[in-house]
Amino acid sequence: MEDYEVVLNARGEGRLTANDYITRLVPDFIEFHGDRLYGDDSAVVAGIGTLLNMPVTVIGIEKGKTTEERIRHNFGSAHPEGYRKALRLMKQAEKFRRPVLCLVDTAGAFCGIDAEEHGQGRAIAENLLEMADLKTPILSVVLGEGGSGGALALSHSDRIWMMEDAYFSVVSPESCANILWKTTEKAKDAAEVLCLTAAKLQNLGLIDRICPKDDIKKLGTDIRSEFELLLEMPVNDLLEQRYRKFRRVGY
Amino acid sequence: MLTDRRSFTEHDRDMTSRNVLHFPEYEAKLETARMKSREAEGVITGEAEIDGHPVCIFSMDANFMMGSMGSVVGEKITRLFEYATARHLPVIGVTVSGGARMQEGMLSLMQMSKVSAAVKRHGKAGNLYIVLLTDPTTGGVDASFAMQGDITLAEPGARVGFAGPRVIEKSLNQALPKDFQRAERVLSCGFIDAIVQRSEQRAVLAKLLKLHERTAR
């Protein structure tokens, strides 16, 4: 499959969304709402439950499937309230030393007047800052789309995994082509050079594992054993390892 | 301009970007940027004194590929924060940026994470970080270290925001308010501490540094 097809496929209909994974991984999931500051963003679904008998906090970006659902979840593009709800529940998880599972699937953080004026940049910045020092394990799985800063805001984690057919990119191939070559028709070329597929990102050392699709059961046991491993580490070692993970990126 | 005469010592001056992803035309763009800015990369970092107060300072350069953040920009700023943390020095950051540098793909996006982690360590150790937002500070820089200061100052009229205004206009299909994403508006939304004229910046920074001076205990 060409890289641009991976992108189109990740956006396509009929894919499993965050809610599908949550239902199967955490059957007793209970959703919590609100950022305690302004509102509740339905693009972000967050709460707690048990993953194979282990209490976990789950934070997912949900796109919805039907038109009605998609509108309700704002097509999986979060407002600042969504990132702040996520951070609130991460802090709660830290208090009870519950591991945090982030399920990432977004074309990007929402671009709009309200989103800007409620501090979209600040909300993402604050997540990056606080996740760097969150004293409990964090594992992120990119399910489909990993759209730039909006996806990164839930990916400052001890482990970043990607489904084999997901992508993670600094910019959409269309925007990239438009900015560089003044035409979106070159999106295919842009997708190729942006190195956005799971395999290419693993080669660059930016992600830790590629997960086979259609095997949620295995994903569940893998996440569970990874959390066990991370929970055994002294907190200072965990934080040091997380710092080193991002410290070596680039240069 | 902000620092005391002859007090500035530059760090990591010779660090230059490589085209790790073999992105087309990137080398040529870097060369043009070097000519235009007369600098090796999009940020200058180093240490200096402001009214006698020792500080670490970084200043991004709009003439270098729109102040975009690639691996070298991220690395230089991260090293500066680590240096400042080890020596209990405040950091002053002058930002201007169009965002992450596309030509380095995810390597540039993750610089946001790398710098943020270093900012966190610097702050946790009780050190001061002052941001001075200049026109424009957008994208991945706005969504990371530009919005992580203890004190956030801005130049009058500076554009400060996450998404580019044209992107928002296009996706919403409506004209934007006139002062949208301007420093004055962003301040009234609650995200900036004070707007400071260029002629006043040095004096304001000196005052803030004095207020945070470490006294012998």
Is the shortest side-chain heavy-atom distance between [X] and [Y] below 4.5 Å?
{"X": "A:I113", "Y": "B:Q174", "answer": "yes"}
{"X": "A:R248", "Y": "B:K114", "answer": "no"}
{"X": "A:P80", "Y": "B:F162", "answer": "no"}
{"X": "A:R247", "Y": "B:E75", "answer": "yes"}

Hey, which of [options] has the most heavy atom pairs under 4.5 Å with chain A?
{"options": "B:Q181, B:R121, B:Q103", "result": "B:R121"}
{"options": "B:T78, B:V119, B:V141", "result": "B:T78"}
{"options": "B:M147, B:E25, B:H22", "result": "B:M147"}
{"options": "B:A118, B:S71, B:A117, B:S113", "result": "B:S113"}

Considering only heavy atoms, which portion of [X] lies under 4.5 Å from any heavy atom of chain A: side chain, backbone, both, or neither?
{"X": "B:E104", "result": "neither"}
{"X": "B:T137", "result": "neither"}
{"X": "B:A146", "result": "neither"}
{"X": "B:E82", "result": "side chain"}
{"X": "B:P165", "result": "neither"}

What pair of heavy atoms forms the shortest contact from [X] to [Y], and how long is it?
{"X": "A:V193", "Y": "B:P24", "value": "CG1-CD, 3.6 Å"}
{"X": "B:L21", "Y": "A:C195", "value": "CD2-SG, 3.8 Å"}
{"X": "B:S144", "Y": "A:A125", "value": "O-CB, 3.4 Å"}
{"X": "A:G250", "Y": "B:L107", "value": "N-CD2, 3.9 Å"}

Whether over 12 other heavy atoms sit under 6.0 Å from [X] [atom1]:
{"X": "A:Y38", "atom1": "OH", "result": "no"}
{"X": "B:R38", "atom1": "CZ", "result": "no"}
{"X": "A:R97", "atom1": "CZ", "result": "yes"}
{"X": "B:K170", "atom1": "NZ", "result": "no"}
{"X": "B:R198", "atom1": "CZ", "result": "no"}
{"X": "B:M15", "atom1": "CE", "result": "yes"}

Who wins among [options] for the most heavy-atom pairs under 4.5 Å with chain B?
{"options": "A:L128, A:L201, A:D189", "value": "A:L128"}
{"options": "A:I124, A:V171, A:L239, A:V170", "value": "A:V170"}
{"options": "A:L196, A:L180, A:I179, A:N127", "value": "A:L180"}
{"options": "A:A132, A:C111, A:A190, A:A153", "value": "A:C111"}
{"options": "A:E117, A:H156, A:Q120", "value": "A:E117"}

Heavy-atom contact with chain B under 4.5 Å, split by part of [X]:
{"X": "A:L194", "answer": "both"}
{"X": "A:I160", "answer": "side chain"}
{"X": "A:S148", "answer": "both"}
{"X": "A:V249", "answer": "both"}
{"X": "A:L129", "answer": "both"}

Derivation and outcome, side-chain contact (heavy atoms from CB on, under 4.5 Å), residues B:M112 and A:F246: CA-CA 9 Å; B:M112 292 166 63; A:F246 291 97; over 6 Å; no
side-chain contact (heavy atoms from CB on, under 4.5 Å) evaluation trace for A:I207 with B:M106: CA-CA 10 Å; A:I207 64 157; B:M106 281 298 288; over 6 Å; no
Presence of salt bridge, A:E116 and B:R185, under 4.0 angstrom: no
Value rounded to 0.5 Å, distance of CE in B:M102 from OG in A:S175: 9.0 Å
